[in-house]
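Report on one structure; see the data block that follows.
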Amino acid sequence: MNRLCGFTLQRVSVRNVPAGSRYAFHRSKSTTPKHAIESVESISAKIPLQKTTVTEASADGRTLVTTFPNGLRVTSESDPGHFSAIGVYVDAGSRYEDASTSGYAHLMDRLAFRNSERFTSADAMAAIEKLGGSIMSSSSRECIMYQAAVFPHDVPTAIRLLADTTLRPKFLPEDVEELQATVPWELQDVESKADMFLPEKLHETAFRTGTLGNPLLCLPKQLSRATPSLLADYHKQWYRPERIVVAAVGVDHQELVRMCADNGFADLAPTKPPSTADAVSSHSQQAVSDESSRSWFRKILTRDGATTQTAGGKSVYTGGTWFDTKPDMEFTQVYLGFKSAGIDNEHGLYLYAVLQMLLGGGGSFSAGGPGKGMYSRLYTRVLNQHAWIESCVAFHHCYTDAGLFGISASCRPRNEHALFDVMATELEAVASGTGRLLSRSAIRRPYASHEGATALEVRRAKNQLKSNLLMNLESRMVQLEDLGRQIQVSGRKVPAETMIQHIEAITPDDIRKGAADLLKNPATLIAQGYVDGISKFGPQVAANHGIKL
C-alpha cells in the first residue's frame with residue numbers, strides 16, 4: 001500500500017482503487033550520524049525565530065524535520081530537479097467526523113484556493129495560472145492535503161497560496177451556496193461509476209460503527225445544513241498546528257523554514273481539542289431522524305436508520321453484506337473483503353502488499369494471448385479460464401489501525417454466485433498451502449490447484465513490488481506525499497532501501513499464514529447489478545469455503 005515505507009507501497013498496488021486512505025509506513029529508530037545532527041543544528045541556529053525550533057534528521061540523514069514551538073512540523077528533502085514540490089498535510093478526514101460534521105472534510109477540499117485573508121478567489125486563480133505548474137487539494141479518510149509542483153523560483157508564491165488556503169480561509173455565503181449547487185452533481189457522478197461508488201459502500205459495510213465507515217463525500221442533506229460559521233468551527237477544530245505538516249522536495253530546508261515562518265505557520269496558536277463527550281453531545285443535538293428528508297444518495301450510500309457515528313477513535317471492523325439490485329446493469333459487480341493489517345502492523349503491511357501483487361489481476365481484455373506476460377494468479381487461474389468474467393483484481397486499503405484486503409470482480413448477469421465461488425477459491429487456495437482439495441468447486445476446476453504460493457510466485461511478486469515502488473518514487477509528487485504523510489503519522493521517514501529489506505523478508509509461508517488470517521474474520525460481501533444468485537446462494541458458497549458472512 002501507499003508510501004516510501006508503506007505510503008508508497010499502497011500507491012504501487014495492482015489496479016488499486018482510489019484514495020481514501022491508502023497509506024502505510026514503517027516505524028524505525030533513528031540512527032542519524034552525529035555529523036548530520038550537527039549540520040542540522042547549524043541550520044537551526046540561523047533561523048530567526050523566538051525560542052528557536054528543534055530540528056533533527058531522518059535515519060538516512062537526507063530528510064530534515066523542524067518542529068515549531070506550536071507543534072507544527074516542517075520537513076524537506078533537498079533533491080535537485082527542474083521542479084520543486086510543496087505540500088501541507090492536515091491530520092483530519094472523514095474517519096474523525098460525527099453526524100454533525102459528516103462530509104465537512106470534503107467541503108474543505110472543495111473550498112480550497114478560494115477566498116482568504118490575502119487572496120480573493122479571482123486573485124488565487126490568477127496566481128495559480130501564472131505559476132504554470134500543478135496545484136491541487138484532496139481529502140481522504142485520514143488526511144486533507146494541499147500540494148503544488150512549481151518551478152523553484154515560484155516556491156514563495158506557492159507557499160503563500162498554501163498558507164492562506166489552509167490557515168486563513170474565508171468561508172463566504174456565496175462560496176457555500178455554490179457548493180450546495182454543484183456538489184449534488186458530483187455525488188450523482190460518483191453514484192453512476194461502480195469503481196468509485198462500491199469501494200465507499202465496501203468501507204461502510206465493513207466498518208458499520210463509523211470511523212473508517214464514515215462517508216467520504218458530503219451528502220445532500222448535510223450539505224443543505226452547512227453554513228459559513230459551521231465550516232469555520234470545523235476549521236478551527238481540526239486545523240491545529242500539532243496536526244499539520246508542511247513538506248517540500250527540492251527546496252533548501254533553511255529557506256523553507258523561513259518562508260513558513262514568514263507566512264504564519266509558526267504563529268498559529270495551538271487549541272485544545274474538544275472532548276469526546278462534547279463530540280457525542282454535539283452529535284445528539286444535531287442528528288436528524290426525519291426519514292422523509294433522506295435523499296436518494298443517502299439511501300444508497302449510508303445505512304438506513306444508522307444512529308452511531310464515532311468521532312475519531314479506534315476503528316471497529318464488523319463485516320457484513322449489502323446487495324443492490326440493478327438488473328439493467330451490463331455487468332454484476334462483486335467485492336469480497338476481509339480485515340487485514342494497518343500501518344501499526346509493520347510485518348503485515350509488507351506481507352499483504354506482496355500478496356496483492358501475487359494475486360494481481362485486471363480486465364479480461366489483457367488476459368489472453370501468448371506473450372502477454374500476465375503471470376499473476378488472477379490472470380492465469382481466473383481470467384484466462386473463464387470467458388464470462390469481465391474483470392478480477394486484488395485490492396488492499398490500508399489505514400493507521402486497520403486495513404481491507406480482498407478481490408473485486410465483475411461478470412455477465414446470472415453468473416454472480418459462480419463468480420463469488422471463484423473469488424473465494426483463489427483466496428482459499430493461497431491460504432491452504434496443503435495441496436489438497438478444500439471444496440467441491442475445485443473438482444469442477446482441476447486446473448485450480450490448491451497449493452499455496454510457490455517460491456517462484458512469491459519471488460516474482462516481490463520483484464514486481466520493488467520495481468513499482470522505486471519507479472513510483474521517481475515522481476516528485478509521490479515522493480512529496482510519501483514524505484509528508486510519513487512524518488505526519490510516524491515522525492520519521494524510512495528510506496526505500498529499508499522498505500526493500502522488509503519486502504525481501506517475506507516468505508511463502510508468510511503469505512500462506514497471512515491469507516489464512518484473512519479468512520478467520522467475518523467477510524464483507526457487496527454486489528450491485530443482477531444479484532439474485534449471490535443473495536440466494538451466497539451463504540452456501542461461503543460455507544463451502546469456510547467463510548463467515
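Along the sequence shown, residues carry numbers from 1.
Without hydrogens or angle criteria, Thr380 side chain to Ser376 main chain gives a donor-acceptor distance under 3.5 Å. At distances below 3.5 Å, at least one donor-acceptor pair connects side-chain atoms of Gln486 with backbone N or O atoms of Val494. Side chain of Arg141 to main chain of Leu212: a donor-acceptor pair is present (N/O by atom type, distance under 3.5 Å, no hydrogens or angles). When atom types are taken as modelled, the side chain of Glu97 and the backbone of Gly103 share a donor-acceptor pair closer than 3.5 angstrom. Side chain of Thr425 to main chain of Asp421: a donor-acceptor pair is present (N/O by atom type, distance under 3.5 Å, no hydrogens or angles). Between the Lys462 side chain and the Glu504 main chain, a donor and an acceptor come within less than 3.5 Å of each other. Remark: the backbone N or O of Gly514 is paired with a side-chain donor or acceptor of Tyr352 at under 3.5 angstrom. In this structure, Ser432 contributes its side chain and Ala429 its backbone to a donor-acceptor pair below 3.5 Å. The backbone N or O of Gly529 lies less than 3.5 Å from no partner atom in the side chain of Thr332, so there is not a single donor-acceptor pair. Glu416 places a side-chain N or O within 3.5 Å of a backbone atom of Arg414 that can act as its donor or acceptor partner.
Applying the salt bridge (Lys or Arg N to Asp or Glu O under 4.0 Å) test to residues at least two apart or on different chains, none of the pairs has a partner in residues 522-540. A salt bridge (Lys or Arg N to Asp or Glu O under 4.0 Å) check over residues 391-404, counting only residues at least two apart or in different chains, returns the pairs Arg95-Asp401.
The residues Glu457 and Arg512 are annotated as not salt-bridged, no charged nitrogen and carboxylate oxygen being separated by less than 4.0 angstrom. For the pair Lys513 and Asp510, the salt-bridge criterion is not met [side-chain N within less than 4.0 Å of a carboxylate O].
The side chain to side chain contact (heavy atoms under 4.5 Å, CB included) test applied to Met477 returns Ala85, Gln147, Ala149, Ser475, Leu480, not counting sequence neighbours. Every residue meeting the side chain to side chain contact (heavy atoms under 4.5 Å, CB included) condition with Gln180, not counting sequence neighbours, appears here in chain and number order: Val176, Glu177, Leu223. In this structure, the side chain to side chain donor-acceptor pair (under 3.5 Å) partners of Asp517, at least two apart in sequence or on a different chain, are Lys520. With sequence neighbours excluded, the residues forming a ring-ring contact (aromatic ring centres under 6.0 Å, His included) with Tyr104 are Tyr234, listed by chain and number. Residues satisfying the ring-ring contact (aromatic ring centres under 6.0 Å, His included) test with Phe537, not counting sequence neighbours, are His417. A search for side chain to side chain contact (heavy atoms under 4.5 Å, CB included) contacts involving Ala523 returns Leu336, Phe338, Ile547, Leu549, not counting sequence neighbours. Considering only residues two or more places apart in sequence or on other chains, Arg460 meets the side chain to side chain donor-acceptor pair (under 3.5 Å) condition with none of them. Every residue meeting the side chain to side chain contact (heavy atoms under 4.5 Å, CB included) condition with Ala461, not counting sequence neighbours, appears here in chain and number order: Val354, Met357, Leu358. Considering only residues two or more places apart in sequence or on other chains, Phe331 meets the ring-ring contact (aromatic ring centres under 6.0 Å, His included) condition with none of them. Checked against ring-ring contact (aromatic ring centres under 6.0 Å, His included), Phe420 has no partners two or more places apart in sequence or in another chain.
A parallel orientation is assigned to the rings of His235 and Tyr239, their planes being inclined by less than 30° (bins at 30° and 60°).
More than 12 heavy atoms of other residues, nucleotides or ligands lie within 6.0 Å of CZ in Arg459, so this atom counts as buried by the packing criterion.
Ala455 and Pro508 make their closest contact through CA-CG, 3.9 Å (heavy atoms, listed as atom of the first residue, atom of the second, distance).
Contact of the Arg225 side chain with the Gln222 side chain is registered, since non-hydrogen atoms from C-beta on lie closer than 4.5 Å. Side-chain contact between Thr205 and Tyr335 is absent, with no heavy-atom pair separated by less than 4.5 Å.
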*Step-by-step side-chain hydrogen bond (donor to acceptor under 3.5 Å, both in side chains) determination, Gln356 to His396*: CA-CA 7 Å; Gln356 185 188 6; His396 189 205; 5.1 Å; no

*Show your working on ring pair (Phe, Tyr, Trp, His ring centres under 6.0 Å) between Tyr317 and Phe207 and close with a plain yes or no.*
CA-CA 5 Å; Tyr317 176 85; Phe207 300 94; 5.7 Å; yes

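Interatomic distance, His106 NE2 to Leu216 CG, rounded to the nearest 0.5 Å: 9.0 Å.
With hydrogens and angles left out, the side-chain atoms of Asp509 and Thr507 include no donor and acceptor closer than 3.5 Å.
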